[in-house]
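Data first, discussion second: the structure below is written as structure tokens.
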2 protein chains.
Amino acid sequence: MIPLTEAELMERASALAGKTLGKVALQTGLTMPASMKQAKGLVGQLIELALAGACSTHAGPDFPALGIELKTLPLDRPGHPRESTYVCTVAPQNDLKSSWKQSRVWHKLARVLWIPVEAAPEIPLAQRRIGSPIFWHPDVAQDKILQQDWEELTGMIREGELDKLTSRYGQYLQIRPKARDSKALQSSSGPDDSPGQTLPRGYYLRTCLTRQILDSHT
Amino acid sequence: MIPLTEAELMERASALAGKTLGKVALQTGLTMPASMKQAKGLVGQLIELALAGACSTHAGPDFPALGIELKTLPLDRPGHPRESTYVCTVAPQNDLKSSWKQSRVWHKLARVLWIPVEAAPEIPLAQRRIGSPIFWHPDVAQDKILQQDWEELTGMIREGELDKLTSRYGQYLQIRPKARDSKALQSSSGPDDSPGQTLPRGYYLRTCLTRQILDSHT
DNA sequence: GTGGATCCATGTATGGATCCAA
DNA sequence: TTGGATCCATACATGGATCCAC
């Protein structure tokens with residue numbers, strides 16, 4: 001079931017374009033709930049199931065052989081991104097030792113297959129339509145800004161300013177909470193390598209970047 | 001529900017003596033299955049629930065405030081231990097850096113409350129009786145042998161001989177697989193710190209030690 | 001008899017993201 | 001608008017141990 005070539009994956013993704021989530025769910029044997037309040041990742045998992053034949057939450061790219069990451073992109077009525085896009089978790093220990101091109105953010109974003117999906121709240125979940133897939137990798141200008149952001153953010157982490165790090169930093173890339181709730185904790189370390197506990201956080205792409213990506217492919 | 005003093009814990013454990021597992025299960029609101037093939041840890045969890053008021057699988061001693069570890073001890077008809085006793089997992093990374101008195105094995109065995117339970121296969125699970133609790137800590141002779149065993153075993157691990165380490169080593173303490181099945185893997189490291197994968201293992205007490213403990217308390 | 005294999009429950013981390021109050 | 005908060009599913013780790021073929 002796993003696509004073996006990039007062409008095969010693109011073909012399969014193109015075949016989804018125009019279909020509703022309800023129709024795809026039927027074909028894969030799932031039933032859509034009325035709302036996404038309980039199951040925020042449902043659409044992403046449905047699309048992954050439809051394209052890869054399975055939806056397991058293991059580490060690494062969604063299509064390891066192709067090195068391609070799959071991301072759904074929720075659109076509002078005018079066709080703009082409704083939400084920021086989660087990239088990966090912040091690992092205070094590891095991120096500091098690597099360079100931009102060795103970072104998990106870079107690897108996640110190196111080759112992305114975007115699947116736009118209607119997400120205006122007034123459209124019932126099952127009736128939302130899937131858009132045409134966009135195969136993307138950062139161009140030179142985008143990569144430069146992403147790198148600047150990443151270096152600014154990891155720089156602050158390195159200085160032990162993780163707790164001062166709000167989502168206001170970064171032009172394309174931001175850091176926001178990524179946890180069960182605001183009481184969740186993960187281990188971290190301070191400027192002097194002092195161990196501590198902090199709220200788990202993740203890297204997210206702002207909509208100004210995903211909007212660019214959409215615009216340049218229409 | 002958690003006993004606050006050692007005396008309270010002992011009193012509660014003594015109150016269980018003579019009761020059947022079925023009776024205790026009723027009191028705690030559980031139902032016993034017919035067999036333990038599906039749920040090998042059931043008896044241990046039932047006893048923990050009855051004594052501590054909860055049965056959560058967090059790290060650390062079962063009664064943190066008291067520093068006491070709870071262990072059930074399955075007995076055959078003549079009243080001898082039927083099985084070896086699991087102590088803790090082998091962590092190839094950490095075990096090597098600590099001394100005997102800093103080791104997780106030592107801490108686990110420092111203060112143990114043994115609960116003997118009938119376990120002859122011909123007795124239906126619900127009818128098996130609980131015995132009198134035994135509060136134990138290693139005496140000087142036992143501690144000496146345990147330390148010798150631990151140093152022999154960790155010595156072999158340090159030499160990178162983890163894969164040659166069978167359960168035949170050790171007088172009281174042995175190392176055996178502790179995994180979902182024989183294909184499970186965990187990270188380890190070789191003699192030269194080379195990373196690798198190996199079968200997860202655990203430390204176990206042989207029955208010759210638990211039999212001693214039983215004998216010296218009757 | 002016992003060394004190697006295996007079983008369940010629960011906790012925690014990770015991957016999929018959207019919700020919602022200010 | 002958007003920064004902070006939150007939700008579900010699944011995988012993996014840990015704690016409770018016993019099973020069973022040789």
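Because the structure is predicted, anything quoted here is derived from the model rather than measured. Naming: A, B, ... by sequence-line order, numbering from 1 per chain. Atoms considered below: every heavy atom in the structure, side chains included; atoms not considered: hydrogens, waters and symmetry mates.
Summary of helix geometry: the two end axes of the helix from dG1(C)-dC22(D) to dA22(C)-dT1(D), each defined by five base pairs via their C1' atoms, are inclined to each other by 10° (rounded to 10°).
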N/O donor to acceptor pairs below 3.5 angstrom from side-chain atoms of residues 167-174 of chain A, sequence neighbours left out:
| residue | atom | partner | partner atom | Å |
| --- | --- | --- | --- | --- |
| Tyr172(A) | OH | Gln212(A) | NE2 | 2.6 |
| Gln174(A) | OE1 | Arg176(A) | NH1 | 2.5 |
| Gln174(A) | NE2 | Ser167(A) | O | 3.0 |

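Distance Tyr86(A) OH to dA13(C) C1': 10 Å, rounded to the nearest Å. Whole-Å rounding puts the Tyr204(A) OH to dT14(C) P distance at 14 Å. A straight line from CD1 of Ile47(A) to C1' of dT18(C) spans 15 Å, rounded to a whole angstrom. If you measure from atom CG of Leu30(B) to atom C1' of dA9(C), you get 12 Å, rounded to the nearest angstrom. At whole-Å resolution of the value, CG in Leu49(B) and C1' in dT10(C) are 13 Å apart. One interatomic measurement links the two molecules: CE of Met32(B) to C1' of dC8(C), which rounds to 14 Å at whole-angstrom precision. With rounding to whole Å, Leu70(A) atom CG is found 10 Å from dG16(C) atom C1'. Glu83(B) has its CD atom 13 Å from the P atom of dG1(C), to the nearest Å.
Out of dG16(C), dG3(D), dA5(C), the shortest distance to the side chain of Leu199(B) is found at dA5(C). Nearest nucleotide to the side chain of Arg168(B), out of dG16(C), dG3(C), dC20(C): dG3(C). Among the nucleotides dG16(C), dC20(C), dC8(C), the one closest to the side chain of Lys71(A) is dG16(C).
Going from atom CG of Leu205(B) over to atom CD1 of Ile213(B) covers 7.0 Å, rounded to the nearest 0.5 Å.
Among the atoms of the strands shown, only primed sugar atoms or phosphate atoms (P, OP1, OP2) are found under 4.0 Å from some heavy atom of Thr72(B). Across all strands, Thr166(B) comes closer than 4.0 Å only to sugar-phosphate atoms, never to a base (heavy-atom distances). Note on Gly41(B): a base of the nucleic acid sits closer than 4.0 angstrom, heavy atoms only. Using a 4.0 Å heavy-atom cutoff across all strands shown, Tyr169(A) reaches no nucleic acid atom at all. Residue contacts shown for Pro74(B) are limited to sugar-phosphate atoms, with no base heavy atom under 4.0 Å away. If you check every strand for non-hydrogen atoms under 4.0 Å, Ser84(A) touches a base.
Residue order along DNA chain D, read from the 5' end via each residue's closest nucleotide, puts Thr89(B) first among Thr85(B) and Thr89(B). Checking Ser167(B) against Gln45(A), the closest nucleotide of DNA chain C that is more toward the 5' end is the one next to Ser167(B).
With sequence neighbours excluded, the residues forming a side chain to side chain contact (heavy atoms under 4.5 Å, CB included) with Leu75(B) are Leu73(B), Pro116(B), Leu214(B), listed by chain and number. When the side chain to side chain contact (heavy atoms under 4.5 Å, CB included) test is applied to Pro177(B), the partners found at least two apart in sequence or on another chain are Leu199(B). By the side chain to side chain contact (heavy atoms under 4.5 Å, CB included) test, Ala13(A) is found to be paired with Leu51(A), Leu113(A), Ile115(A), Pro133(A), residues two or more places apart in sequence or in another chain being considered. Listed by chain and number, the residues in a side chain to side chain donor-acceptor pair (under 3.5 Å) with Trp150(A) amount to none (sequence neighbours excluded). Not a single side chain to side chain contact (heavy atoms under 4.5 Å, CB included) links Arg180(B) to another residue, sequence neighbours left out. Looking at residues two or more places apart in sequence or on another chain, you find a side chain to side chain donor-acceptor pair (under 3.5 Å) between Arg104(B) and Thr89(B). Residues that satisfy the side chain to side chain donor-acceptor pair (under 3.5 Å) test with Arg129(A), not counting sequence neighbours, are Glu118(A).
Of the residues in residues 171-183 of chain A, those lying under 4.0 Å from DNA chain D by heavy-atom distance are Gln174(A), Arg176(A), Pro177(A), Lys178(A), Ala179(A), Arg180(A), Asp181(A), Ser182(A). Applying a 4.0 Å cut-off to non-hydrogen atoms, the residues of residues 108-122 of chain B that approach DNA chain D are Lys108(B), listed by residue number.
Between Arg201(B) and dG4(C) there is no side-chain N or O to OP1 or OP2 distance below 4.0 Å.
Side-chain to base pairing of Lys37(B) with dT18(D): no donor and acceptor N or O lie closer than 3.5 Å to each other.
Each of Glu69(B), Gln142(B), His217(B) was evaluated against Trp136(B); a single residue qualifies, Gln142(B), per the side chain to side chain donor-acceptor pair (under 3.5 Å) test. When each of Leu153(A), Ile157(A), Val105(A) is tested with Val90(A) by the rule side-chain contact (heavy atoms from CB on, under 4.5 Å), just one qualifies, namely Ile157(A). Among the candidates Ser103(B), Ser84(B), Cys88(B), the single residue satisfying the side-chain contact (heavy atoms from CB on, under 4.5 Å) test with Tyr203(B) is Cys88(B).
Sorted by first and then second residue, the ring pair (Phe, Tyr, Trp, His ring centres under 6.0 Å) pairs with a member in residues 68-88 of chain B read Tyr86(B)-Tyr204(B); sequence neighbours excluded.
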